[in-house]
Number of protein chains: 4
Amino acid sequence: MTSTVAGPPRSPGRPRSARADEAIIDAVLDLLAEGNTVEALSIEAIAARAGVGKATIYRRWSGKESLLADAIRTLKGPTPEPAGESVREDLITLLTVVARKGDERALKIMPCIMPEVNRSPEQYRIWQEVISPRREKMREVLRRGIRTGELRADLDVELTLLLLTGPVVMQRTMRWHPGLDDTTLPARVVDAVLAGISAR
Amino acid sequence: MTSTVAGPPRSPGRPRSARADEAIIDAVLDLLAEGNTVEALSIEAIAARAGVGKATIYRRWSGKESLLADAIRTLKGPTPEPAGESVREDLITLLTVVARKGDERALKIMPCIMPEVNRSPEQYRIWQEVISPRREKMREVLRRGIRTGELRADLDVELTLLLLTGPVVMQRTMRWHPGLDDTTLPARVVDAVLAGISAR
Amino acid sequence: MTSTVAGPPRSPGRPRSARADEAIIDAVLDLLAEGNTVEALSIEAIAARAGVGKATIYRRWSGKESLLADAIRTLKGPTPEPAGESVREDLITLLTVVARKGDERALKIMPCIMPEVNRSPEQYRIWQEVISPRREKMREVLRRGIRTGELRADLDVELTLLLLTGPVVMQRTMRWHPGLDDTTLPARVVDAVLAGISAR
Amino acid sequence: MTSTVAGPPRSPGRPRSARADEAIIDAVLDLLAEGNTVEALSIEAIAARAGVGKATIYRRWSGKESLLADAIRTLKGPTPEPAGESVREDLITLLTVVARKGDERALKIMPCIMPEVNRSPEQYRIWQEVISPRREKMREVLRRGIRTGELRADLDVELTLLLLTGPVVMQRTMRWHPGLDDTTLPARVVDAVLAGISAR
DNA sequence: CGTTAATCGAGACGGTACGTCCTGTCTTCGG
DNA sequence: CCGAAGACAGGACGTACCGTCTCGATTAACG
């Protein structure tokens, strides 16, 4: 007797190469880290760098957009799990980018990815899907803060989400303020938003 | 002899057509408003729409980047002048986009311009130049608020700038929160940042 | 010991499917008859039409060239055997195409096969092998005619072979003269070449 | 006053470069002469060899087919003008290929062009157009021969055309008979067809 | 009767060429 | 000299096949 239970529904034909997947994603990240611009990122260059035919890319992704999205997904690593002790700590955790372990390319790449997000509605949709888990976790933390009394009872959750993520994303995207260090920024933004800027 | 007074150092040959300038800028804004995406914005399409030769565009701008910058500059209208009575009112004024009178395309175009800004260092430099006057005015308002005691004495001006502009730009770019109306957003952001979100 | 007589050198493993052979050849002929052009004949299309994997084709033939050659070989049927009574009759017999019984595709396919023959030296070699038996038989008939006195004693056999086959092949290939019926053509060519066109 | 008569209807814009035309045709002939096969003739290779963008080729020709036709047209030189003294001489003249002066590539290229002619109906149409003038002149010579009594009164002109051109084209295409020299072939074919091969 | 081994279908693989589109430059003519 | 028009070299796009390769599943003959 071999097996009476139905195994996984394996599709016929040669299975897709996991090596190719990795090589392609890696080529994307390499080229981004080298060029620091998305303009220099052509499918042909990716295929050449990955040692892969163009068709192998198009078999997996519909275009540059979704390929980029997956590359970033890979880069970002899993959504961090907030400790749940204080609202402040949890928000800082969720605002901090956790790159895939050992990937130094993350910080170089992030700023030049952001601008791509809104170039087309489709790209935007894909990107939303990528970051929505983290955003949902932030909403939960805010709601918990209201319940526990750490935050105002009349808080507008959506507005607050914008107050917290807007500055961090913008700084990451635009690098407008050279004096603001990226590693300490989440903490400073959270503290300022918690406290307000008015004099007492 | 036709003229004895020294005229302005007029170069010989046919002068540049002001009609062409307008037609080109208008074509850019039209195409952006129609397509809602910058990807579909090619120099060839702009030239065709404007009824203009490609060379006429390249004679005036170095490339798509600076053309876009000028188009936005035109769209935005002049930097608003804050009244100077209260920090709150002035910040709201400066965070509100004032479109060129009678141009309904502004709100449709803004979100799809933002992402272009950081695609290359050059484009970023141009964009900074466009918005730096407004940012400088905001700094002045913040410093005045510190002097008048309306704001905390230990306020980090650059961080606060980020706290105010980040959410507004992000919402304009990403349209993440459908419930947040764009016209009332600046006021709500300013109020929230002034007050903070912590329970008292 | 199971067998003392030396059986056929049967290789182990699953034997090749005769159904596949037929399906492939048939798919080739179908596609040729449908498309009336060799350009539309891709290995992938053949495999799909035959319901066969590409590897099954490449296991049997080295490429499109030899597959085509075999398809034609199948189509043509065996070399006809001249009766040997008169040179005229024998030449007409040898110039007439005898298609495999019941295959109406032959006449549609022939013209579009011819051009393929000379696309590469290899293809040419294969083709020569296909038609050489028939050509050799024609040479014999011509030599016999010289011996029997039916033909000139100083006849150049190779030149005459060209005089006879050239017009028939060309008409079949190019269809230049719509008035010349394909079924009566061999007889008319033979008669004209035998008699000459000069006035007496 | 410059000119009141309507000049040639010059189209606006930069005129097409004659240099490009020549370079492209020359590249085609070079690649054919080198490779001796049409399979190795890609548009990309032609563009590279000619130092020309692919678009410059597609602006002038609809595809490989019509480009090839023009290349051959150029190679062949003008249709020869028969002297009109004897049918024999005129036919030999018309059957002999006159290559463009000083172009040694002609003889290498001709054989590998022929097979292309019938790969598709469109290609066939183009080719017919290329050689129809020469064929029409041959018809005239044959009709004149009938009138002058040099040829049989009951001659079938179309059949005779086939008898003459078939062998020459076939030998040129297939190179089946190595002993038959291409330069003397037209004369030998004409003589044989004139005289017939039957014993007297 | 189970092992062995070549076949089958399916389809992914690294490539090459296709024909289209856009870039930024140039070359023509007319204003 | 500027204007439109449009050709130029170059290069990326996404598609279609090429001929090869890897899968799990058949299908015989051998042991």
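Proteins come first, then strands; the chains are lettered A, B, ... in the order of their sequence lines, and each starts at number 1. All of these numbers come straight from a predicted model, not from anything done at the bench.
The side chain of D/K64 places no N or O atom within less than 4.0 Å of a non-bridging phosphate oxygen (OP1 or OP2) of E/dA17. The side chain of D/T56 contributes an N or O atom lying less than 4.0 Å from OP1 or OP2 of F/dA9. For E/dC13, the OP1/OP2 oxygens have a side-chain nitrogen or oxygen of A/R59 closer than 4.0 Å.
When distances run from any side-chain atom of D/Y58 to the nucleotides F/dG3, E/dT20, F/dT15, the shortest one goes to E/dT20. Among E/dC22, E/dG15, E/dC26, the nucleotide with an atom closest to any side-chain atom of B/S42 is E/dC22.
Atom CD in D/E44 sits roughly 13 Å away from atom P in E/dT20 (whole-Å rounding). Across the protein-nucleic acid pair, A/R16 atom CZ and E/dC13 atom C1' stand 12 Å apart, rounded to whole Å.
One cannot find a donor-acceptor pair under 3.5 Å joining the base of F/dC23 and the side-chain atoms of A/R14. A donor and an acceptor atom never sit less than 3.5 Å apart when one is taken from the side chain of C/K54 and the other from the base of E/dG11.
Only one option out of D/V28, D/I24, D/I57 pairs with D/I43 in a side-chain contact (heavy atoms from CB on, under 4.5 Å); it is D/I57.
Contact annotation for B/G51: backbone-only contact, meaning every heavy-atom pair under 4.0 Å involves sugar-phosphate atoms and none involves a base. Here D/R19 lies out of heavy-atom contact (under 4.0 Å) with every strand.
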